[in-house]
Protein chains: 2
Amino acid sequence: MALENQELRKAGLKVTLPRVKIYQILERAGEGDHFSAEDIYKLLMEQGEDVGLATVYRVLTQFESAGLVSRHHFEGGHSVFELSRDEQHDHVVCVKCGKVREFHDPDLVKRQNAIAEELGFTITDRTLYLYGVCKDGCEKK
Amino acid sequence: MALENQELRKAGLKVTLPRVKIYQILERAGEGDHFSAEDIYKLLMEQGEDVGLATVYRVLTQFESAGLVSRHHFEGGHSVFELSRDEQHDHVVCVKCGKVREFHDPDLVKRQNAIAEELGFTITDRTLYLYGVCKDGCEKK
DNA sequence: TTCGATGCAAAAGTTTTGCAAGTCC
DNA sequence: GGACTTGCAAAACTTTTGCATCGAA
């Protein structure tokens, strides 16, 4: 538990209950899990924490600025968040079951860098989503 | 001018003034130009057309369903639209000047397909945005 | 004439903000 | 104690919808 406190402090954020709780939720997520602010808010409610939705948004935004989490805009008008990991990765989103899988492909990144170079462009961030359908275990929607 | 009427009819949409005007605006756009609903609404106002914002949204959504336009979610909480062209392409977005450039790289697509294949996934759509800074002609923000 | 399309206003959904009260160090 | 945080409510935005009216075929 001291772990997340470290992270928060390192990011220059005071260690408060809402921040710790939100961090824990994100930390507990499995690969491919992404939470919206609303999701996190509901989880906090369920576990009896008294945290306002506005605070969830504020905290997530702070975490993002601090580089602790990444924000994604999948389809559907709202943002989802996940803890930043060292290794950057891209996303495959099943439009049928909503499942998200992640992958990292060095060749892809290399090629992207080359393209940016050709265009006289310095990349600061990138975003690749592949949308489609799982061939097999695509459970009901 | 019969041209856009053809397109609309082909899409099963009645040829009405708002649709034609909106189509023309999109048609007139240069490469890399992307308009939000608000942008289009303002342009229509400027040229004295009396079209409601709700209609702009409705028409753009219909155009999207008909495959006439593509919708993108760059950063910033709103959608932008561009006329669909035959050739699919990806986007480079300058976070400083807002300029958007487009590119198409067959190798990139091939690699993406291979990855999807490995993951047992059938791609229906894909989205790649490279964010960064133009090295040279990046005019004021 | 007959549906479909539009405009307006109101609703809906997500995210942000103002401010008084509370919390961390 | 003092600065930073939080909760709540209200505001801001983007997008959607209900409905009476209007327009294209």
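Throughout, a chain's letter reflects where its sequence line sits, starting with A, and its residues are numbered from 1.
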- Query: Between B/Tyr41 (OH) and D/dC13 (P), how many Å, whole number?
  - Reply: 15 Å
- Task: Report the distance from atom CD1 of A/Ile40 to atom C1' of D/dT6, rounded to the nearest whole Å.
- Result: 17 Å
Polar pairs (N or O, both sides) under 3.5 Å between protein and nucleotides 15-19 of chain D?
unit_1 : atom_1 : unit_2  : atom_2 : d
D/dT15 : OP1    : B/Ser79 : N      : 2.9
D/dT15 : OP1    : B/Ser79 : OG     : 3.2
D/dT15 : OP2    : B/Tyr57 : OH     : 2.4
D/dT15 : O5'    : B/Tyr57 : OH     : 3.4
D/dG18 : O6     : B/Arg58 : NH1    : 3.3

- Any donor-acceptor N or O pair under 3.5 Å, side chains A/His72, A/Glu82: yes
- Atom NZ of A/Lys21 and atom P of D/dG7 are separated, to the nearest Å, by 13 Å
- Please give, in whole Å, the distance from D/dA3 C1' to A/Leu13 CG? 14 Å
- Kindly compute the distance separating CG (B/Asp50) from CG (B/Leu17), expressed to the nearest 0.5 Å. 9.5 Å
- Indicate yes or no: at least one non-hydrogen side-chain atom of B/Phe103 is less than 4.5 angstrom from one of B/Leu128. yes
- Message: Without decimals, in angstroms, what is the distance between A/Asn5 CG and C/dC25 P?
- Response: 9 Å
- Message: I'd like to know whether the aromatic ring centres of A/His91 and A/His34 sit less than 6.0 Å apart in this structure.
- Response: yes
- Atom-to-atom span, CD1 of A/Ile22 to C1' of D/dT6 - whole angstrom: 11 Å
- Examine the side chains of A/Tyr129 and A/His73 and answer whether a donor and an acceptor come within less than 3.5 Å of each other. no
- Do B/Asn113 and B/Arg126 have a side chain donor and acceptor closer than 3.5 Å? yes
- Quick one: A/Phe63 CZ to C/dT15 P, roughly how many Å, whole number? 17 Å
- Nearest-nucleotide wise, let me know which of A/Val15 and B/Val56 is further upstream toward the 5' end of DNA chain C. B/Val56
- Whole-Å distance, B/His73 NE2 to C/dG13 P, equals 18 Å
- Message: I want to verify a distance call: between C/dA5, D/dA25, D/dA3, whose nearest atom is closest to the A/Lys14 side chain?
- Response: D/dA3
